[in-house]
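Can you keep this structure in mind? I'll have questions shortly.
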Amino acid sequence: LQLVLDLETADGKTPAQVRAWTVAFINRVQARTGRPGIIYTGFYFWRDQAGNGSNLNCPLWLAAYRSSPAGLIPAGWSTWSFWQYTQTGSCPGVSGNVDRDAWN
């Protein structure tokens, strides 16, 4: 997998500041690797805290803990590439909760 930018907290920054930081980070990833980064975020964070902008040509790894991601694709994407549907899953050989994901 390509590098993933995990966007879940604004750390006191405004949406415009989070967006500017995100653009700078993704541009650096592209310049150094020749490939787009993957953006991991949720609908509400992207809309309310990250500027609700374009997808910067990055695949979406969507955090949406529901039975379906329908209606929760952030603006800028038409679909998701990865979908984390739970953080309380189980996996043989691992004790405790694990994230569970689907690949589109």
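Scope of the values below: all heavy atoms of this structure, side chains included, with no hydrogens, waters or symmetry mates. Residues: numbered from 1 along the sequence shown.
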**Request:** Enter the distance from Glu8:CD to Thr41:OG1 here, rounded to the nearest 0.5 Å.
**Result:**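 Answer for the CD-OG1 pair, Glu8 versus Thr41, is 7.5 Å.
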**Message:** The test is side chain to side chain contact (heavy atoms under 4.5 Å, CB included); show your working for Thr14 and Gln49 and say whether it passes.
**Reply:** CA-CA 7 Å; Thr14 67; Gln49 302 296 316; over 6 Å; no
**Item:** In one Ile/Leu/Val/Met/Phe/Trp/Tyr side-chain cluster, 4.5 Å: Ile38, Val18
**Value:**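 Looking at the clustering, Val18 is in a separate group from Ile38.
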**Asked** Do Trp103 and Val4 share a hydrophobic cluster (ILVMFWY, side-chain heavy atoms under 4.5 Å, transitive)?
**Response**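 Cluster IDs for Trp103 and Val4 match.
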**Request:** To the nearest 0.5 angstrom, please state how far the OH atom of Tyr65 sits from the CD atom of Gln84.
**Result:**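 So the OH of Tyr65 and the CD of Gln84 are separated by 3.5 Å.
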**Asked** For Asp99 and Tyr85, what are the C-alpha separation, side-chain angles and deciding distance, and is it a side chain to side chain contact (heavy atoms under 4.5 Å, CB included)?
**Response** CA-CA 8 Å; Asp99 295 346; Tyr85 54 87; over 6 Å; no
**Request:** Would you name the heavy atoms of Pro59 and Gly37 that are closest together and state the gap between them?
**Result:**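 Heavy-atom minimum between the residues: CD-O, 3.3 Å.
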**Request:** Taking the side chain as every heavy atom from C-beta outward, state whether Arg19 and Ser54 have any pair of such atoms under 4.5 Å apart.
**Result:**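 The answer is yes; the side chains approach within 4.5 Å.
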**Prompt:** Is the closest side-chain donor-acceptor distance between Thr86 and Arg66 under 3.5 Å?
**Reply:**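 No, no side-chain donor-acceptor pair sits under 3.5 Å.
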**Asked** Is the shortest heavy-atom distance from the side chain of Cys91 to the side chain of Val98 under 4.5 Å?
**Response**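 Yes, at least one pair of side-chain atoms sits under 4.5 Å.
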**Prompt:** If you measure from CD on Gln30 to CG on Leu56, what distance do you get to the nearest 0.5 Å?
**Reply:**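 So the gap between those two atoms works out to 10.5 Å.
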**Request:** Working to the nearest 0.5 Å, report the span between CZ of Arg47 and CG of Leu72.
**Result:**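 If we round to the nearest 0.5 Å, Arg47:CZ and Leu72:CG are 10.0 Å apart.
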**Asked** Hey, mind stepping through Thr22 and Leu7 against side chain to side chain contact (heavy atoms under 4.5 Å, CB included) and telling me if it holds?
**Response** CA-CA 9 Å; Thr22 300; Leu7 288 173; 3.7 Å; yes
**Prompt:** With a 4.5 Å heavy-atom cut-off, do Ile26 and Ile39 have their side chains touching?
**Reply:**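 Yes - at least one pair of side-chain heavy atoms lies under 4.5 Å apart.
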**Message:** Going by side-chain contact (heavy atoms from CB on, under 4.5 Å), name the residues that satisfy it together with Pro69, two or more places apart in sequence or in a different chain.
**Reply:**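 Once residues adjacent in sequence are excluded, the partners of Pro69 under the side-chain contact (heavy atoms from CB on, under 4.5 Å) criterion are Leu62, Trp80, Trp83.
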**Request:** Please round to the nearest 0.5 Å and tell me the distance separating atom CG of Asn97 and atom CD of Gln87.
**Result:**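 Reported value, rounded in 0.5 Å steps: 8.0 Å.
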**Side chains of Asp6 and Trp61, donor plus acceptor under 3.5 Å** =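 Asp6 vs Trp61: no donor-acceptor pair found between side chains.
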**Prompt:** Checking side chain to side chain contact (heavy atoms under 4.5 Å, CB included) against Trp46, which of Ile73, Asn52, Asn55 comes through?
**Reply:**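 For Trp46, the side chain to side chain contact (heavy atoms under 4.5 Å, CB included) check succeeds only for Asn52.
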**Request:** Rounded to the nearest 0.5 Å, what's the gap from CG on Leu3 to CZ on Phe25? Could you check?
**Result:**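 Reported value, rounded in 0.5 Å steps: 6.5 Å.
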**Item:** Connected via hydrophobic side-chain network under 4.5 Å: Trp77 and Val23
**Value:**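 In one cluster with Trp77: Val23, yes.
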